[in-house]
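Quick note: numbers below take in every heavy atom, side chains included, and nothing from hydrogens, waters or symmetry partners. Along the sequence shown, residues carry numbers from 1. When a ligand or atom number is given, it counts from 1 through the structure's own listing order.
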Amino acid sequence: MSKILVTGGTGYIGSHTVVALQEAGYTPVIIDNLSNSNKGVLKQIAAITGNVPEFHEFDLCDEQRVLQFVKENPDITGVIHFAASKAVGESVEQPIKYYRNNFFSLINLLTAYKDQVVNFVFSSSCTVYGQPKELPVTENAPVQKAESPYGNTKQVAEEILNDTAKAFDNYHIIALRYFNPVGAHKSALIGELPLGVPQNLVPFITQTAIGKREKITVFGNDYNTPDGSAIRDYIHVVDLAKAHVAAIKRLEDGKASGNYEVFNIGTGKGLSVLEIIRAFEDSTGVKLNYQIGPRRAGDIEKVWGDVSKSTAELGWKAELGVEEMMRSAWAWEVYLQEQHPFD
Ligand code: WQD
């Protein structure tokens, strides 16, 4: 089966997608600059699948390096592009870093593939919708001005891809708009590895549960939702990884309608922060120390996806429920604490 370049492949979603690709018979090739991941993930992947993925360490912002790599690897027919800076809060403090990293890496990849047909799957985000006016949100919903430079890089990246697909017919592109990726592989050998204080809800929950954090703050319980806390569409990272394989397969089978398509990748179900906390406690038996605090700047109130297009056209549907999301996230946190796989 074909060779697929996975940029950011030692990262959270990237590593789970490398496992899913190997299990589907593809040969993933990773490029990662290890700025937000650990090279030790390679041996963890091998412990799951039996194959150490090919790995190249360099920065995709280095145009010459990217051009040289693509020239030296003509047998790579597809790209799944994860590599990007992705912390909402950090992007507000460091916009130049975000615009430089996220745009230079994308543009260098597109430039390198300008003379050949390439199947290109892009890691986008539901953040492009902002606070949708209608829920569940469909792919036709208007893209709203992003609240953060991070969200803006996803919106503009989609425009770059759309314009490129219109101008040239050798790029066959799918953008996957993720909702909230959570959980870990059932082996507990790979998972989310946040550097420093976690920004996202679930790693903060598991670090609080294991005692690395004293308590977790619920950012607001005065939203217009049933229990007052904000609602998101949480999706298991293994389901998300499989959606990338389905997207590559769609492109390889020539089933895409047009050279640029967008798909929502979520469960179609919304859960509040307090429901997630309760699901964690019920799934793991571990009580959480939490308090209610003020809303976090930039947060939207509620979002969940209409995923009927992904099911109908990608033949993909999320299978894992919130119990497995919480159980696997906790098992991964315990594994990190007990085995220190990356020390
Ligand atoms: C979820 C909910 C918080 C921490 C962002 C990006 C998205 C994707 C995922 C990269 C919110 C609440 C959180 C805490 C809390 N990014 N929360 N206490 O902001 O929905 O999405 O991260 O892949 O593109 O937009 O995710 O996990 O930060 O927050 O109450 O300590 O949990 O307010 O309601 P978010 P999140």
Hphob cluster co-occupancy, [X] + [Y], side-chain heavy atoms under 4.5 angstrom:
X      : Y      : answer
Val19  : Ile235 : yes
Val286 : Tyr290 : yes
Ile80  : Leu34  : yes

For ligand 1, the portion of [X] having any non-hydrogen atom under 4.0 Å away:
X      : result
Asn180 : side chain
Asn200 : both
Arg295 : neither
Thr127 : side chain
Tyr150 : side chain
Val202 : neither
Tyr223 : neither

* **Any N or O of Ile216 closer than 3.5 Å to N or O of ligand 1** =>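 No, Ile216 has no N/O under 3.5 Å of an N/O on ligand 1.
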* Mind checking whether Phe219 has an N or O less than 3.5 Å away from an N or O of ligand 1? ->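 Yes - when backbone and side-chain N and O of Phe219 are compared with those of ligand 1, one distance drops under 3.5 Å.
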Taking the inter-plane angle between the rings of [X] and [Y] on a 0 to 90° scale, is it parallel (under 30°), tilted (30 to 60°) or perpendicular (over 60°)?
X      : Y      : answer
Phe69  : His56  : perpendicular
Trp330 : Phe280 : perpendicular
Tyr178 : Phe82  : tilted

For ligand 1, which atoms, with element, lie under 4.0 Å from some heavy atom of [X]?
X      : answer
Asp299 : 3 (C), 33 (O)
Gln199 : 4 (C), 28 (O)
Ala230 : 34 (O)
Val88  : 6 (C), 25 (O)
Val218 : 30 (O)

* Min side-chain heavy-atom separation Val143-Arg177 under 4.5 Å ->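 Of all side-chain heavy-atom pairs linking Arg177 with Val143, at least one is under 4.5 Å.
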May I ask you to identify the nearest protein heavy atom to [atom], giving residue, atom name and distance to one decimal place in Å?
atom                    : value
atom 29 (O) of ligand 1 : Arg296 NH2, 3.3 Å
atom 2 (C) of ligand 1  : Tyr234 OH, 3.5 Å
atom 7 (C) of ligand 1  : Ser125 OG, 4.0 Å
atom 12 (C) of ligand 1 : Val273 CG2, 3.8 Å
atom 20 (O) of ligand 1 : Arg232 NE, 2.7 Å
atom 18 (N) of ligand 1 : Thr217 O, 2.8 Å

* Does NZ or CZ of Arg65 lie under 6.0 Å from the centre of the six-membered ring of Phe58, at an angle within 45° of the ring axis? ->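 Yes, Arg65 sits over the ring of Phe58.
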* Looking just at side-chain N and O atoms, do Gln68 and Glu72 make a donor-acceptor pair shorter than 3.5 Å? ->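 A pair is found: one side chain offers a donor N or O, the other an acceptor, under 3.5 Å apart.
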* Would you say Lys249 has more than 12 foreign heavy atoms packed within less than 6.0 Å of its NZ? ->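 Atom NZ in Lys249 is not packed in, count stays at 12 or less.
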* CG of Asp169: more than 12 outside heavy atoms within 6.0 angstrom? ->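 Result for CG/Asp169: open.
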* **Sidechain N-carboxylate O distance under 4.0 Å for Glu90, Lys97** =>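 So Glu90 pairs with Lys97 through a salt bridge.
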* Option of least heavy-atom distance to atom 13 (C) of ligand 1 (set: Thr208, Ile300, Leu201, Val197) ->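 It is Leu201 that holds the nearest heavy atom.
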* Evaluate the side chain to side chain donor-acceptor pair (under 3.5 Å) criterion for residues Tyr12 and Asn200: first the C-alpha distance (whole Å), next the side-chain angles of each, then the deciding distance (0.1 Å), finally the verdict. => CA-CA 13 Å; Tyr12 173 40; Asn200 294 125; over 6 Å; no
* **Residue-ligand contact Phe179/ligand 1, heavy atom below 4.0 Å** =>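 No.
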